[in-house]
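To start, the structure itself, in structure tokens.
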Amino acid sequence: MSTVTEVFGSKVFDDRVMKATLSAKVYNSLKKTIDEGADLDINVANAVATAMKDWAVSNGATHYTHWFQPLTGVTAEKHDSFISPSPDGGVIMEFSGKELIKGEPDASSFPSGGLRATFEARGYTAWDPTSYAFIKDKTLCIPTAFCSYGGHALDKKTPLLRSMQALNKQAMRIIRLFGDDTVKCVRCSVGPEQEYFLVDAEMYAKRPDLVYTGRTLFGAKSPKGQEMDDHYFGVIKPRVQAFMDDLNEELWSLGILAKTEHNEVAPAQHELAPIFTTTNVSTDHNQLTMEIMKKVASRHGLVCLLHEKPFAGVNGSGKHNNWSICTDSGVNLLSPGKTPYENAQFLLFLCAVIKAVDDYQDLLRISVATAGNDHRLGANEAPPAVVSIFLGDELEAIMEAIEKDEPYNATDKQVMKLGVHVLPKFTKDTTDRNRTSPFAFTGNKFEFRMLGSSDSIACANIMLNTAVAESLKIYADRLENVEDFETALHEMIRKTIKDHKRIIFNGNGYDDSWIEEATAVRGLCNYKTTADAIPHLLDKKNTDLLINHKIYTLEEVTSRHDICLENYCKTVKIEANTMVSMARGDIAPAIAAYLKELAKTTSLKKSICDEIPCKYEVGVIKKLSALLDDIADKTDALEAAIAKTEECADMVAEAQAVKEMLLNEMADLRKACDDAEAVTAKKYWPYPSYGDLLFSVK
Ligand code: ADP
Ligand code: MG
């Protein structure tokens with residue numbers, strides 16, 4: 001048995017391997033590219049490629065792939081072997097700098113939202129040296145960006161890297177204003193907490209809804225759900241523990257900092273949290289984590305469900321995006337410092353986030369909008385679809401004191417002045433009592449809690465980084481030109497608090513009264529569904545932001561808009577079609593078969609003697625016959641609704657039609673089928689029940 005420290009990173013071409021295998025000159029040159037984005041010389045690339053190949057081959061790899069994140073939301077890879085024929089009839093293992101830097105997958109089937117005409121179907125991939133290469137299943141995986149030949153980003157990594165650059169650029173202007181000349185760059189870090197369900201593979205295979213859509217589309221409530229709160233942080237069952245052990249080992253070998261694991265609120269639900277790292281790497285790692293969770297689960301006869309709402313009636317799964325910004329010298333800019341000056345800087349960065357979240361609340365909502373996540377947001381288990389910020393009582397009191405030029409507590413008689421006061425250290429306990437907030441300050445980071453469990457974290461972080469970069473830009477533009485820095489700073493912080501305090505809410509986000517207040521009194525936006533949210537991506541203020549900070553071109557952002565709506569429509573339609581097929585193919589025939597048995601029993605009884613009571617059989621026959629007719633009608637209605645959505649003029653209209661027509665018809669059909677399940681003998685029901693799925697893994 002190897003120890004954790006031996007396993008950790010053993011399949012990663014990380015800094016340790018680079019140091020050991022590259023000459024000092026090549027290593028230093030590569031480091032410069034990684035740390036400062038300097039151009040890479042082809043000779044250096046050749047040397048790195050050879051070292052990478054030798055290392056990979058000695059660790060069992062036979063192939064390499066440019067590993068990228070197209071707009072499908074999952075990762076993509078096309079494997080090439082290292083072999084190259086040698087004159088003596090054999091082969092040698094080869095890998096050049098050119099192959100490392102650039103690849104040309106024939107990628108015409110990836111969604112491009114119109115960015116790539118068929119005549120230029122080939123996109124190209126470009127090495128991202130800031131994310132380490134790694135070995136997965138005998139293949140050297142090289143993290144890459146994916147672009148069209150016209151130079152348009154066709155992936156999630158490119159805009160994410162651009163947003164990190166935008167944030168770095170503006171944050172550095174602020175740092176310089178505070179007189180720091182030593183900091184070289186500012187990075188944002190993320191620790192995503194990943195929720196998931198584990199179900200038995202054999203049962204999963206018997207449920208077409210899980211197989212086709214990742215969630216159950218039918219299913220009567222199980223007698224027991226999560227009401228006892230006995231699963232949350234409960235003892236981990238042996239089969240699940242074996243899965244987690246195996247998973248940890250694989251993740252560690254890939255250099256992924258898997259740290260915390262526990263049972264979640266719903267039965268069969270679990271969570272994994274890694275230690276936070278740079279956003280770009282964290283995004284790659286989260287994609288890998290999701291992939292490996294699925295792979296390891298299947299080795300244990302389990303299936304890992306990453307869908308946001310696999311089961312009605314119990315909690316769904318999300319992803320908490322813990323986010324902070326930090327200098328290369330290790331100062332967390334969202335942590336109150338030791339000196340008043342550091343505190344003033346902290347308050348400015350805090351205000352930048354507050355302003356960003358208020359100004360671009362719609363973009364944050366949009367960044368997490370998917371058909372799956374619509375089932376969670378606002379459903380009393382996840383944050384509402386309305387974005388607000390939780391600061392905690394202490395920080396809110398400080399903000400109020402600054403706004404009103406008043407002392408901020410009884411012992412402190414002085415009026416709050418920046419550059420004079422030392423702030424208290426906020427411990428997590430005083431800041432993190434509220435679990436209902438979509439965007440909570442938790443001591444030295446913000447926790448964005450609206451992300452869906454299956455989503456890439458790239459989109460949310462792109463929007464967050466860019467919106468904060470914009471606040472910082474506005475601050476820097478103003479502060480770079482003032483004579484009295486401290487007064488201007490104080491005024492600016494006050495103004496931000498005044499203008500944006502509507503976004504701050506410390507109360508219960510699940511309360512209906514909050515949604516009413518948020519929308520009617522505070523004017524916050526409430527886009528309940530993806531169909532409502534996505535069209536606002538193209539609002540001028542949003543495209544201006546994204547274009548000005550060079551995150552997306554107008555064509556790129558339009559393509560994301562189209563792809564999101566298309567995905568939404570396709571997802572819901574696949575669900576609707578699956579329901580039609582299950583209702584007609586399995587559920588109705590099962591009910592009919594059970595009815596036949598009941599009818600047979602009744603007539604048999606009657607043939608023996610007219611007096612034998614048949615109240616039970618007749619009662620069930622009546623009830624089920626009515627439900628069966630209902631199911632048939634509702635299946636027809638759903639099918640007709642699906643056909644109707646095809647007639648829409650454009651994508652925005654189609655998404656609205658899908659939302660308004662399909663979702664209601666689907667809910668109606670489900671209700672009739674679930675009612676029927678509750679009165680049908682278990683051996684006749686064609687699918688494993690909710691109870692079977694949720695409680696069978698021991
Ligand atoms: P929770 O109480 O929500 O479960 P934890 O304290 O377990 O939160 O931390 C959750 C995540 O936050 C972890 O992934 C952790 O690494 C990450 N995290 C901690 N500090 C920071 C930070 N400064 N920046 C970004 N993420 C952080
Ligand atoms: Mg959390």
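Along the sequence shown, the residues carry numbers beginning at 1. All ligand and atom numbering here is 1-based and tracks the order in the structure.
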Polar atom proximity, [X] to ligand 1 (N or O, under 3.5 Å):
{"X": "His320", "answer": "no"}
{"X": "Ser324", "answer": "yes"}
{"X": "Val190", "answer": "no"}

(Q) Are there over 12 heavy-atom neighbours, none belonging to Glu291, within less than 6.0 Å of that residue's CD? (A)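 Buried by this count: over 12 neighbours within 6.0 Å.
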**Q.** Within residues 159-170 or reaching into it, pairs that qualify as salt bridge (charged side-chain N to carboxylate O under 4.0 Å, His left out) - sequence neighbours excluded
**A.**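 Of all non-adjacent pairs touching residues 159-170, those that pass salt bridge (charged side-chain N to carboxylate O under 4.0 Å, His left out) are Arg162-Glu556.
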Q: Return the set of residues passing ring pair (Phe, Tyr, Trp, His ring centres under 6.0 Å) with Phe134 (not counting sequence neighbours), or none when no residue passes.
A: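 Phe134: ring pair (Phe, Tyr, Trp, His ring centres under 6.0 Å) contacts with Trp67.
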Q: With the side chain counted from C-beta on, respond yes when Ile504 and Phe390 share a heavy-atom pair under 4.5 Å apart, and no when they do not.
A: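 Contact flag for Ile504/Phe390 side chains = no.
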Q: Pick one of side chain, backbone, both or neither for how Asn332 approaches ligand 1, counting any non-hydrogen atom pair under 4.0 Å.
A: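 It is the side chain that gets close, since no backbone atom is under 4.0 Å.
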Per-atom contacts of ligand 1 with [X], taking only distances under 4.0 Å to non-hydrogen atoms:
{"X": "Ile275", "answer": "16 (O)"}
{"X": "Gly191", "answer": "14 (O), 26 (N)"}
{"X": "Glu447", "answer": "3 (O)"}

Q | Aromatic ring pairing Phe243/His300, orientation class (parallel under 30°, perpendicular over 60°, tilted between) | A |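 Perpendicular.
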(Q) So for Lys259, does at least one of its heavy atoms come nearer than 4.0 angstrom to any atom of ligand 1? (A)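 Per 4.0 Å heavy-atom rule, Lys259 does not contact ligand 1.
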Q. Between Asn373 and Asp455, do the side chains contain an N or O donor and an N or O acceptor separated by less than 3.5 Å?
A.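 There is no such pair (donor and acceptor under 3.5 Å, judged by atom type) between the side chains of Asn373 and Asp455.
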